[in-house]
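Here is the structure we will look at, set down as C-alpha cells.
We count residues from 1, following the sequence as given.
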Amino acid sequence: QVQLVESGGGLVQAGGSLRLSCAASGRTFSGYRMGWFRQAPGKEREFVAHISRSGGSTYYADSVKGRFTISRDNAKNTVHLQMNNLKPEDTAVYYCAAGVTSYWSSSKDDYNYWGQGTQVTVSS
C-alpha cells in the first residue's frame with residue numbers, strides 16, 4: 001500500500017514552467033513504477049510520463065516529449081514532473097500514480113494507487 005499527495009500546480013502563462021511534486025508514504029516506495037497522468041474537463045485521463053522503479057528508464061507521451069521531465073528520489077519518497085514551455089493545451093488536473101507490474105505502461109488501468117490531483121492552468 002502507498003499513499004500519494006501531489007503539489008506544485010498553479011496558473012502560468014504560455015511558455016512558462018512549473019514543477020510538480022508527489023510525496024509518497026510507506027517504506028516500499030522503491031518497489032513501484034511511478035507515472036503522471038492528466039485530465040482536462042470533459043476528457044478521459046491520459047498518460048503523461050512514466051519512470052521505472054530505479055529511475056533508470058523514463059517514457060513520455062508524444063505531446064510532452066522534450067518539454068517535460070519526470071524524476072524520482074527513492075530516499076525521500078518523492079516523484080517530480082518538471083514542465084517547461086507550457087502550452088494552453090497542457091491545462092488539466094495532474095495526477096501522480098503508482099503501479100506494481102514489472103513492465104512500463106501508458107494505461108491508467110495498470111496503475112494501482114492514485115493521488116488526489118493538482119490543478120495546472122496555462123493561459124494564452
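The six-membered or imidazole ring of W114 lies near that of F37, with a centre-to-centre distance under 6.0 Å.
Residues H80 and S71 have side chains that never bring a donor and an acceptor to within less than 3.5 angstrom of each other. With 3.5 Å as the limit, one finds no donor-acceptor pair spanning the side chains of D73 and T78.
Residues L81 and L18 are not in side-chain contact: their nearest non-hydrogen atoms beyond the backbone lie 4.5 Å or more apart. Counting heavy atoms from C-beta on, the side chains of F68 and N85 never come closer than 4.5 Å.
For the pair R72 and F29, the cation sits on the ring face: its NZ or CZ lies under 6.0 Å from the ring centre, inside 45° of the axis. Note that R33 lies in the cation-pi zone of Y111, set by a 6.0 Å cut-off to the ring centre and a 45° limit from the axis. With a 6.0 Å cutoff to the six-membered ring centre and a 45° limit on the axis angle, R45 counts as a cation-pi contact of Y95.
Taken from CZ in F47 to CG in D62, the straight-line distance is 10.0 Å, to the nearest 0.5 Å. One distance of note links CG of N84 with CZ of R19; it measures 10.0 Å at 0.5 Å rounding. Expressed to the nearest 0.5 Å, how far CZ of R38 lies from CE of M83 amounts to 9.0 Å. Note that OG1 of T121 is 13.0 Å distant from CD of Q13, once rounded to the nearest 0.5 Å. Distance check: S57 OG to I51 CD1 gives 8.5 Å after rounding to the nearest 0.5 Å. How far OG of S105 is from CG of D110: 3.5 Å, rounded to the nearest 0.5 Å.
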Next item on the list: Check the pair E89, V122 against side chain to side chain contact (heavy atoms under 4.5 Å, CB included), reporting the backbone distance first and the verdict last.
Entry: CA-CA 8 Å; E89 64 190 43; V122 184; over 6 Å; no
Next item on the list: Give the intermediate values and the outcome of side chain to side chain contact (heavy atoms under 4.5 Å, CB included) for residues N112 and Y32.
Entry: CA-CA 10 Å; N112 307 93; Y32 295 93; 5.8 Å; no
Next item on the list: Please report the C-alpha distance between R67 and K87 in whole Å, then the side-chain angles of each, then the deciding distance to 0.1 Å, and finally whether the side chain to side chain contact (heavy atoms under 4.5 Å, CB included) criterion is met.
Entry: CA-CA 10 Å; R67 300 188 297 120; K87 304 175 180 180; 3.9 Å; yes
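V100 is not connected to Y59 by any chain of hydrophobic side-chain contacts under 4.5 Å among Ile, Leu, Val, Met, Phe, Trp and Tyr, and they are in different clusters. Residue Y60 is grouped with residue V120 when hydrophobic side chains (ILVMFWY) are merged at heavy-atom distances under 4.5 angstrom, including chains of intermediate members. Taken together through direct or relayed side-chain contacts under 4.5 Å among Ile, Leu, Val, Met, Phe, Trp and Tyr, L4 and V93 form parts of separate hydrophobic clusters. One hydrophobic cluster holds both Y113 and I70 under the rule that ILVMFWY side chains link at heavy-atom gaps under 4.5 Å.
Open room surrounds CD on Q3; 12 or fewer heavy atoms of other groups in view lie less than 6.0 Å from it.
Distance alone, capped at 3.5 Å, places no donor-acceptor pair between the E6 side chain and the C22 backbone. Judged purely by atom type and a 3.5 angstrom limit, T118 uses its side chain to pair as donor or acceptor with the backbone of G9.
Of all non-hydrogen atoms in A98 and V2, the two that sit nearest each other are CB-CG1, 4.0 Å. Scanning all heavy atoms of the two residues, the minimum distance from A14 to S124 falls at CB-CA, 4.5 Å. Across all non-hydrogen atoms, the minimal contact from R53 to S30 is CB-O, 3.3 Å.
The pair K108-E44 meets the salt-bridge criterion, since a charged nitrogen lies less than 4.0 angstrom from a carboxylate oxygen.
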